Amino acid sequence: MNIELLHTDTLTQAREKLKNETKNFELKVHRVACEEALGCICAKDVIAEENVPPFRRSTVDGYAIIAGDSYGAGDSNPAFYQVTGHVNIEEQALMTVDVGEAVQVQTGSMVPDGATAVLMVEYTEQYADGKIIGYKAVSEDENIIQVGEDMAAGDCLIQRGREINARDIGMMAALGICDIEVYVPPVVTIISTGDELADIREPLTASKIRDINSYALTAEARRMGMTVRRRLRVRDDEKEIFQAVSQSVKDSDIILLSGGSSKGSKDYTKKVLEELTGNVFTHGIAIKPGKPTILAYDREYRTVIAGLPGHPVAAMMMFRLVIIHWYCEKSGLQMCPPYMAKISENVSSNQGRETCLPVKLVRDADGFMAKPIHAKSGSIASLGKADGYVRIPRNQEGLNKGAFVWVEVL
């Protein structure tokens with residue numbers, strides 16, 4: 001009796017093995033123009049090299065004054081000011097403001113030295129040539145943006161691993177950063193194996209079923225910003241599988257091979273990967289669903305290869321828990337933070353194996369309720385209905401209704 005799959009790694013052990021085996025794997029980096037960076041993963045911290053704004057800037061149209069001169073001012077007790085100058089938006093403020101003086105400024109104008117606030121023009125009135133009265137008291141720094149208040153020189157604005165968004169591009173534009181170092185998306189090949197598989201455009205005959213995995217894994221890889229070079233479907237034939245993998249290992253960073261990872265008579269994945277790489281370091285992970293997962297690394301071409309289970313839920317979950325987790329560690333990319341929720345019912349678990357339980361999040365008066373979605377690993381609909389999943393530790397019998405759990409968002 002073959003008992004190989006009785007000797008499995010924990011998820012933590014499998015992740016650590018993959019990390020250690022791929023120490024020489026580096027994600028490629030290139031520079032892209034600021035306006036082309038949307039959705040890219042930042043490869044190096046972006047540090048501000050100047051202050052924004054580089055000068056004290058007025059946020060309103062009005063008069064730059066010494067705030068103390070306005071204290072006690074109101075409709076029945078106005079303050080009096082001598083207007084000593086005017087600063088346009090594009091001009092440098094060369095004058096200073098002394099006690100009892102005011103300098104007219106516009107929104108965006110440089111605030112002259114000596115001024116500690118800007119009084120909005122709506123609260124002023126000219127009563128003589130070069131003289132105004134103010135009807136409002138203003139506090140120190142009111143209506144002024146200080147030097148570097150928006151962004152200060154030396155601040156880390158975009159951390160490595162961040163997916164660049166429109167706001168980040170706005171910050172780069174404010175600092176005059178024309179281009180940025182980002183990771184080149186890893187190249188992925190997806191191979192779906194099985195005599196029973198038909199393409200979604202083919203009519204189903206006899207015991208044929210539609211190929212779910214290649215489409216779902218392709219979509220998930222692209223959602224993570226990866227480039228899918230090819231999507232293949234091959235029969236349960238050792239030579240066909242060998243040819244598909246040997247072709248793909250030369251030009252792919254990651255190969256996802258679904259099906260054929262167990263120990264049946266037509267399960268050739270491990271044999272093919274051993275022959276090609278000589279470096280299969282995991283066969284079996286103590287997790288449900290996903291136990292028959294295989295991990296290998298081709299040292300020559302620096303390609304990560306995952307033999308995923310044929311069941312769609314197991315394939316998708318193991319892609320996420322192992323390969324995407326590895327990619328996030330390599331790139332610094334942060335996944336969505338988990339939600340705290342209460343489990344809505346008692347849930348049993350398979351002791352000895354960690355369990356991933358798909359759940360739907362429902363908001364209630366106290367926060368979120370996690371409702372389990374019970375389905376077998378062959379049912380892709382269970383993931384389609386789920387908002388996330390709960391990981392139940394391998395040494396735990398299950399969850400009691402009302403227990404707080406962390407829900408990893410899908």
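Quantities reported herein were computed from a predicted structural model and do not represent experimental measurements.
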So that I can tick it off, tell me whether E240 and R235 are bridged by a salt bridge, with the cut-off set at under 4.0 angstrom between side-chain N and carboxylate O.
yes
Which atom pair, heavy atoms only, marks the closest approach of C42 to I180?
SG-CD1, 4.1 Å
Between D155 (side chain only) and A152 (backbone N and O only), is there a donor and an acceptor less than 3.5 Å apart?
yes
Could you give me the CA-CA distance, side-chain angles and deciding distance for Y297 and N24, then say whether side-chain hydrogen bond (donor to acceptor under 3.5 Å, both in side chains) is met?
CA-CA 11 Å; Y297 182 58; N24 69 341; 2.8 Å; yes
Short question: side chain of K360, backbone of G388 - any donor-acceptor pair under 3.5 Å?
no
From CA spacing to verdict: side-chain hydrogen bond (donor to acceptor under 3.5 Å, both in side chains), S58, S109
CA-CA 5 Å; S58 175; S109 290; over 6 Å; no
Are T193 and L257 side-chain neighbours, meaning at least one heavy-atom pair lies under 4.5 Å?
yes
Presence of salt bridge, R299 and E21, under 4.0 angstrom
yes
Has the side chain of T10 got a donor or acceptor atom that lies under 3.5 Å from a matching backbone atom of Q13?
yes
When you measure from the side chain of N400 to the backbone of A403, do you find a donor-acceptor pair of N or O atoms at a distance under 3.5 Å?
no
Does the E101 side chain pair with the main chain of D98, one donor and one acceptor, at a distance under 3.5 Å?
yes
Find out whether the Lys NZ or Arg CZ of R231 is both under 6.0 angstrom from the six-membered ring centre of Y215 and within 45° of the ring's axis.
yes
Out of curiosity, Y268 OH to D236 CG, how far, rounded to the nearest 0.5 Å?
7.5 Å
Between D253 and K28, is there a side-chain N and carboxylate O pair less than 4.0 Å apart?
yes
R31 with D179: basic N within carboxylate O range, under 4.0 Å
yes
Spacing of CD1 belonging to I343 relative to CD1 belonging to I392, to within rounding of 0.5 Å:
7.0 Å
Any donor and acceptor pair, going by atom type alone, linking the side chain of E220 with main-chain N or O of L217 inside 3.5 Å?
no
Would K291 and E354 count as a salt bridge (charged side-chain N to carboxylate O under 4.0 Å, His left out) here? Give the steps.
CA-CA 10 Å; K291 182 180 178 182; E354 185 175 348; over 6 Å; no
N213 side chain vs H311 backbone, donor-acceptor pair below 3.5 Å
no
Do R230 and D251 sit within salt-bridge range, that is, some charged N less than 4.0 Å from a carboxylate O?
yes
A side-chain contact here means heavy atoms from C-beta on lying under 4.5 Å apart; do I47 and L157 qualify?
no
Are the side chain of N88 and the backbone of E91 linked by a donor-acceptor contact shorter than 3.5 Å?
no
Minimum heavy-atom distance between I380 and P312, given as atom pair plus value
CD1-CB, 3.9 Å
To the nearest 0.5 Å, what is the distance between OG1 (T355) and CD (E397)?
12.0 Å
Donor-acceptor pair, side chain of T282 and main chain of A14, under 3.5 angstrom:
no
Within the 4.5 Å heavy-atom criterion, are V46 and E181 side-chain neighbours or not?
no
Report the distance from atom CG of L276 to atom CD1 of I241, rounding to the nearest 0.5 Å.
11.0 Å
For residues T107 and T59, report the shortest heavy-atom separation together with the two atoms involved.
CG2-O, 3.6 Å
Within the side chain of Q396, is there an N or O that forms a donor-acceptor pair under 3.5 Å with the backbone of G398?
yes
Once you round to the nearest 0.5 Å, how far does CE of M335 lie from CE of M224?
4.5 Å
Are side-chain heavy atoms of T227 and V188 found at a separation under 4.5 Å?
no
Pair W406-Y389, ring pair (Phe, Tyr, Trp, His ring centres under 6.0 Å): steps then yes or no:
CA-CA 8 Å; W406 287 107; Y389 59 93; over 10 Å; no
Got H325 and R320 here, is their nearest side-chain heavy-atom distance under 4.5 Å?
no
In this structure, are over 12 heavy atoms from other groups packed under 6.0 Å from Q334 atom CD?
no
Between CG of L273 and CZ of F281, what distance do you get to the nearest 0.5 Å?
10.5 Å
Any salt bridge linking E408 with R391? Criterion: basic side-chain nitrogen under 4.0 Å from a carboxylate oxygen.
no
salt_bridge(E196, R210) N-O dist < 4.0 Å:
no
Intermediate values then yes/no, side-chain hydrogen bond (donor to acceptor under 3.5 Å, both in side chains), Q82 and K131
CA-CA 5 Å; Q82 176 74 39; K131 297 180 184 294; 2.7 Å; yes
Any chance the rings of Y123 and Y135 have centres within less than 6.0 Å?
no
Between E274 and K271, is there a salt bridge with N-O shorter than 4.0 Å?
no
Mind running side-chain hydrogen bond (donor to acceptor under 3.5 Å, both in side chains) on D211 and S192 for me, showing each step along the way?
CA-CA 8 Å; D211 172 20; S192 200; 2.9 Å; yes
